[in-house]
Amino acid sequence: MKYTPTRFMLPDSRYDKAAADYAVGFIESLTHTKGTWAGKPFHLLPWQEQLVRDVFGVLKPNGYRQFNTAYCEIPKKMGKSELAAAIALLLCCADGEQRAEVYGCAADRQQASIVFEVAADMVRMCPALNKRVKILTAMKRIVFTPTNSFYQVLSAEAYSKHGFNIHGVLFDELHTQPNRKLYDVMTKGSGDARMQPLYFLITTAGTDTHSICYEVHQKAKDILEGRKIDPTFYPVIYGAADDDDWTDPAVWKKANPSLGVTVGIDKVQAACESAKQNPAEENSFRQLRLNQWVKQTVRWMPMHIWDKCAFTVDPEELKGRVCYGGLDLSSTTDITAFVLVFPPTEDNDKYIILPYFWIPEDNLDARVRRDHVPYDVWQRQGYIQTTEGNVVHYGFIEAFIERLGTEYNIREIAFDRWGAIQMVQNLEGMGFTVVAFGQGFKDMSPPSKELMKLVLEERIAHGGNPVLRWMMDNISVRTDPAGNIKPDKEKSTERIDGAVAAIMALDRAIRCGSEPQGSIYDERDLLWI
């Protein structure tokens with residue numbers, strides 16, 4: 001391979017070919033351990049060799065490595081685990097460091113053990129290392145006896161243990177870290193006593209944009225695009241751009257530098273075809289195969305199709321029309337949603353959605369800073385209303401719904417039983433018919449599936465409301481063995497109250513329609529108890 005110096009080199013740094021050749025030579029003396037590659041020499045692929053030469057071959061004037069952190073974000077099945085295992089052994093056994101401490105970290109011990117098992121098999125299959133290394137399987141520890149150095153898998157509770165003297169850390173699948181505690185303990189000052197510690201972070205894109213991985217991802221992007229400078233940080237990101245066509249094989253090749261070697265293009269093609277047929281698989285394909293950050297692992301609502309339903313909605317033209325409400329009360333400090341659904345009056349008409357949202361006024365700025373969601377912009381644009389104080393004022397909402405009842409013919413209001421007893425009683429006192437609506441599969445599955453069907457047919461008109469769009473984009477669904485679905489508030493990444501309220505209102509609109517309703521007693525006599 002002809003080496004091209006990285007553009008992240010400092011002016012006084014240099015590329016030491018001997019140091020780079022040494023690192024490459026050590027790794028290529030190892031063998032692959034799994035599948036059809038098992039037992040074959042570990043020949044670095046071009047992208048892998050470039051990374052190794054940059055990280056281990058770029059030296060400062062004092063002879064130590066320039067880069068202390070290497071961040072590699074790449075799709076699945078590109079050879080991440082094998083490369084991480086090889087680098088762990090290089091740092092532990094061949095970096096010239098006495099009593100080197102090298103740690104393998106992941107979301108849990110089982111995940112961290114994946115790289116350890118690969119490294120242990122590499123040792124067993126290399127006679128030179130096998131003579132000098134002890135593998136303590138029960139402890140998930142590899143010891144290089146000539147320097148008394150070790151590679152150790154850490155448990156998930158490692159963030160509570162201090163006193164590390166780190167020469168190397170390998171974070172596998174950084175995006176699965178539940179919080180930043182372990183990352184901070186392992187990278188903030190733990191290697192200060194070493195001259196050239198290396199923090200090697202390797203991951204696929206994730207779904208949580210508030211995670212430590214996304215924070216590091218953003219730093220890597222900023223460095224790659226010239227917005228930030230950190231000469232100790234080496235960024236590598238392979239993936240598709242947000243506006244790339246995810247079905248295009250050329251995009252697959254751009255995002256997968258090992259395509260055709262570690263994974264066949266036929267496997268990616270099959271996964272793509274499956275995602276085309278099932279919108280719920282699209283986000284998984286984009287995250288794992290194209291390395292794109294997505295809202296959640298299972299995308300339920302295809303947003304490009306939802307956006308096609310942004311037909312104009314004029315509240316004035318709807319006055320007097322029959323409609324049905326859905327009410328999803330938040331906790332007193334969160335968003336409350338009330339959604340009206342107007343059923344079609346003609347066969348070719350659309351179901352019209354008219355949503356309303358409330359948030360406590362005193363919490364608005366704090367929530368913008370905490371959630372990184374533009375509640376303040378939406379409030380100025382009229383899409384969210386605020387109620388006085390630091391909790392949602394239910395009396396204000398009740399009065400608002402009462403005024404809506406004078407403008408629209410609200411036949412029923414469906415509500416989630418949780419926390420709504422007092423408001424329901426008050427709405428009943430105003431003359432509204434309220435209907436308790438279960439949140440389980442039995443009640444939620446039919447209207448959820450119907451909403452998807454109507455969106456795909458472009459028989460929904462939502463006016464492009466940005467708050468409702470955000471909530472629809474947040475939805476993750478849970479599926480039971482019978483194929484029933486329901487919105488999952490626990491797995492959804494952000495608020496989905498408006499989407500749930502819309503689904504409940506749609507259920508009532510579909511069941512009851514827009515025709516005038518007679519009395520139930522036209523069909524039967526009074527029931528005597």
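This one's a predicted model, so the numbers in the text were calculated from it and none came from an experiment.
- W358 and F338 have tilted rings, their planes meeting at an angle from 30° to 60° on a 0 to 90° scale.
- One finds the CD1 atom of I410 at 5.0 Å from the CG atom of L340 (value rounded to the nearest 0.5 Å).
- By the 4.5 Å heavy-atom criterion applied to side chains, P487 and I503 are counted as neighbours.
- At least one side-chain heavy atom of P235 sits less than 4.5 Å from a side-chain heavy atom of F8.
- No donor-acceptor distance shorter than 3.5 angstrom exists from the side chain of D222 to the backbone of R227, with no hydrogens or angles considered.
- Here the side chain of T203 pairs a donor or acceptor atom with the backbone of L174 at under 3.5 angstrom.
- The shortest side-chain heavy-atom distance between C105 and V169 falls under the 4.5 Å cut-off.
- Side chain of T387 to backbone of H393: a donor-acceptor contact under 3.5 angstrom is found.
- A distance-only check finds no donor-acceptor pair linking the side chain of Y238 to the backbone of C72 [under 3.5 Å].
- Counting heavy atoms from C-beta on, the side chains of D488 and V477 never come closer than 4.5 Å.
- The aromatic rings of Y375 and W378 sit perpendicular to each other, their planes meeting at more than 60°, with 30° as the lower class boundary.
- Using a cut-off of 4.0 Å between Lys/Arg side-chain N and Asp/Glu carboxylate O, R403 and E407 are scored as not salt-bridged.
- Cation-pi check for K350 over F311 is met; the charged atom lies under 6.0 angstrom from the ring centroid and within 45 degrees of its normal.
- Heavy atoms of other residues, nucleotides or ligands lying less than 6.0 angstrom from NZ of K267 number 12 at most.
- Using cut-offs of 30° and 60° for the angle between ring planes, the W293 and Y214 rings count as perpendicular.
- Taking the side chain as every heavy atom from C-beta outward, R478 and F441 approach each other to under 4.5 Å.
- Between W306 and H462, the distance separating the two ring centers is shorter than 6.0 angstrom.
- In this structure, the side chains of H304 and E282 come closer than 4.5 Å at one or more pairs of heavy atoms.
- Looking at W300 and S476, their side chains never come closer than 4.5 Å, going by heavy atoms from C-beta outward.
- Relative to the ring axis of F342, R321 does not place its NZ or CZ within 45° and under 6.0 Å from the centre.
- Put simply, the side chain of Q439 gets close to the backbone of F437: a donor and an acceptor are under 3.5 Å apart.
- The main-chain N or O of I359 is never found under 3.5 Å from a side-chain atom of Q385 such that the two would form a donor-acceptor pair.
- Using a cut-off of 4.0 Å between Lys/Arg side-chain N and Asp/Glu carboxylate O, K80 and E173 are scored as salt-bridged.
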Under 3.5 Å, which donor-acceptor pairs do the side chains of residues 246-261 form with other protein atoms, sequence neighbours left out?
| from | atom 1 | to | atom 2 | distance (Å) |
| --- | --- | --- | --- | --- |
| T247 | OG1 | D245 | OD1 | 2.7 |
| T247 | OG1 | D245 | OD2 | 3.3 |
| D248 | OD1 | A250 | N | 3.0 |
| W252 | NE1 | W246 | O | 2.9 |
| K254 | NZ | D244 | OD2 | 2.5 |
| N256 | ND2 | W252 | O | 2.8 |
| N256 | ND2 | R289 | O | 2.9 |
| S258 | OG | W47 | NE1 | 2.8 |
| S258 | OG | M78 | O | 3.2 |

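- Listed for the Q292 side chain is a donor-acceptor partner under 3.5 Å among the backbone atoms of A241.
- A distance-only check finds no donor-acceptor pair linking the side chain of T386 to the backbone of P360 [under 3.5 Å].
- Counting non-hydrogen atoms of neighbouring residues, nucleotides and ligands closer than 6.0 angstrom, the CD atom of E388 reaches no more than 12 such neighbours.
- Of the charged side-chain nitrogens involved, none lies within less than 4.0 Å of a carboxylate oxygen, so that K486 and D443 do not count as a salt-bridged pair.
- Between the OH atom in Y324 and the CE atom in M504 there is a gap of 16.0 Å [rounded to 0.5 Å].
- A 4.5 Å side-chain heavy-atom check between T336 and I397 finds at least one atom pair inside the cut-off.
- Residues M471 and D497 approach most closely at SD-N, 3.9 Å, considering heavy atoms.
- No donor-acceptor distance shorter than 3.5 angstrom exists from the side chain of N409 to the backbone of G320, with no hydrogens or angles considered.
- Looking only at distances, no side-chain donor or acceptor of Y383 sits under 3.5 Å from a matching main-chain atom of P355.
- V216 pairs in a side chain to side chain contact (heavy atoms under 4.5 Å, CB included) with only one of the listed residues (Y199, F171, F233), which is F233.
- Rounding to the nearest 0.5 angstrom, the gap separating the CG atom in L182 from the OG1 atom in T187 is 9.0 Å.
- Between L404 atom CG and I413 atom CD1 the span is 9.0 Å, to the nearest 0.5 Å.
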